[in-house]
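Just below is one structure, and these are the notes that go with it.
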Amino acid sequence: MRGLNLDHLQAFADIVALGSFSAAAARRGLTQPAISLQLRQLESRLGARLIERVGKRVLPTAAGSALLLHAGRIDAAVEAAVADLAQHAAEVGGRVRIGSGATACIYLMPPLLRELRQRFPGLELTVNTGNTDDMLRAVAENRLDLALVTLPPRRRGRVPELGRAFQAEPLLNDEFVAVAPGDFAAWPKAVTPAWLAQQPLVLYETGANTRSLVDTWFAGAGLAPRAAMELGSVEAIKQLVGAGLGLTVLPRMALPQTAQPDDALSWRSLAPKLTRKLALVLRRDKPLQRGLRETLAAFRRLG
């Protein structure tokens, strides 16, 4: 379509994704009037209203929803063209946008990101954190190139089916463990749901995939214990447990590789065991430019 401005199209996609003009303007380094003008010019070019306000949020109209489907394909086609040209350059460059849960981002990914930065100084890496459903939506809308997520997704809201829209590659199994203060001396032979439910619990906030897995583990024994405290940060949970305010269940990757006598925390495996599967997810039609291929290879070595 002659005269269609790709920057205007991306501005529209950002407004919908972020739910506000001001947030979209901040992401693109523009003023709010400037991004509003871009949207008006796009609507004028296409002859259709694309955005409507619902309360404090902005949502796509029917025409806007239809355009969003094409916007992802257009963005992918542009990326493919850039990737084809990049193959002629010796240096690995470009940008790779990665999504991940906060726990994996903090405890798993730093060595990987450091390796990629050292090997490919020209490769721009950006990392966003969020829950699995948010990451999958961002991959589907081409706002992320790949995501490291927990399988299976809960698929709350408008999340595409995993098998149809995405290519998912299992990477590793992450065990969950019971965590107590370092000087805790009352560990039983087996840390069962029945025993752990009797302890004061400091758990991850309700609604997160991590909490859902823990709740399901308790539910398998017919239990639904109430947490004494709920937090949205693994580090905050560890601090409170280390201070003696309760026990918790956390991914093993969030703890040191080996326990030391002076550690603030101690931990034990659960009985029955609880694990989660982490997988790399990307769109099936995603062009695999060299920077993305090298990033995928680094993740596979990590697994």
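Any value given below was found using the heavy atoms of this structure, including those in side chains, with hydrogens, waters and symmetry copies removed.
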Sequence neighbours excluded and cut-off under 3.5 Å, please list the side-chain donor-acceptor pairs for residues 13-22, or say none.
{"residue": "D14", "atom": "OD1", "partner": "Q10", "partner atom": "NE2", "Å": "3.1"}
{"residue": "D14", "atom": "OD1", "partner": "R27", "partner atom": "NH1", "Å": "3.2"}
{"residue": "D14", "atom": "OD2", "partner": "R28", "partner atom": "NH1", "Å": "3.3"}
{"residue": "S20", "atom": "OG", "partner": "S22", "partner atom": "OG", "Å": "3.4"}
{"residue": "S20", "atom": "OG", "partner": "A23", "partner atom": "N", "Å": "3.0"}

Gap separating the CH2 atom of W217 from the OG atom of S212, nearest 0.5 angstrom | 14.5 Å

What's the spacing between R283 CZ and F166 CZ if we round to 0.5 Å?
-> 8.5 Å

Any donor-acceptor N/O pair, T129 side chain to G101 backbone, under 3.5 Å | no

Partners passing salt bridge (Lys or Arg N to Asp or Glu O under 4.0 Å) against K273 (at least two apart in sequence or in another chain) = E175

Got a sec, which residues hit salt bridge (Lys or Arg N to Asp or Glu O under 4.0 Å) with E52, two or more places apart in sequence or on another chain?
-> none

Mind checking what makes side chain to side chain donor-acceptor pair (under 3.5 Å) contact with D215, not counting sequence neighbours?
-> R211

Is it true that D145 and K286 have a side-chain N and a carboxylate O under 4.0 angstrom from each other?
-> yes

To the nearest 0.5 Å, what is the distance between OG1 (T275) and CG (D174)?
-> 8.5 Å

Check: L288 main-chain N/O paired with R293 side-chain donor or acceptor under 3.5 Å = yes

Side chain to side chain contact (heavy atoms under 4.5 Å, CB included) between W267 and L250: does it pass, once the steps are laid out?
-> CA-CA 9 Å; W267 54 91; L250 292 176; over 6 Å; no

Report yes or no: do T150 and N209 form a side-chain donor-acceptor pair below 3.5 Å?
-> no

Whether F184 and W195 hold their rings parallel, tilted or perpendicular, with breakpoints at 30° and 60° = perpendicular

Measure across P181 and V241 and return the closest heavy-atom pair with its distance rounded to 0.1 Å.
-> CG-O, 3.2 Å

For the side chain of K238 and the backbone of A254, is there at least one donor-acceptor N/O pair under 3.5 Å apart?
-> yes

Quick one: do L39 and L37 satisfy side chain to side chain contact (heavy atoms under 4.5 Å, CB included)? Show the steps, please.
-> CA-CA 5 Å; L39 177 65; L37 176 61; over 6 Å; no

From R290 CZ over to L292 CG, what is the distance, rounded to the nearest 0.5 angstrom?
-> 13.0 Å

Under 3.5 Å donor-acceptor, S44 side chain and R40 backbone | no

Would you be so kind as to tabulate the donor-acceptor pairs closer than 3.5 Å made by side chains of residues 102-122, with sequence neighbours excluded?
{"residue": "Y107", "atom": "OH", "partner": "E235", "partner atom": "OE2", "Å": "2.1"}
{"residue": "E115", "atom": "OE2", "partner": "R119", "partner atom": "NH1", "Å": "3.3"}
{"residue": "E115", "atom": "OE2", "partner": "R301", "partner atom": "NH2", "Å": "2.4"}

For E43, check salt bridge (Lys or Arg N to Asp or Glu O under 4.0 Å) against everything at least two apart and list the hits.
-> none

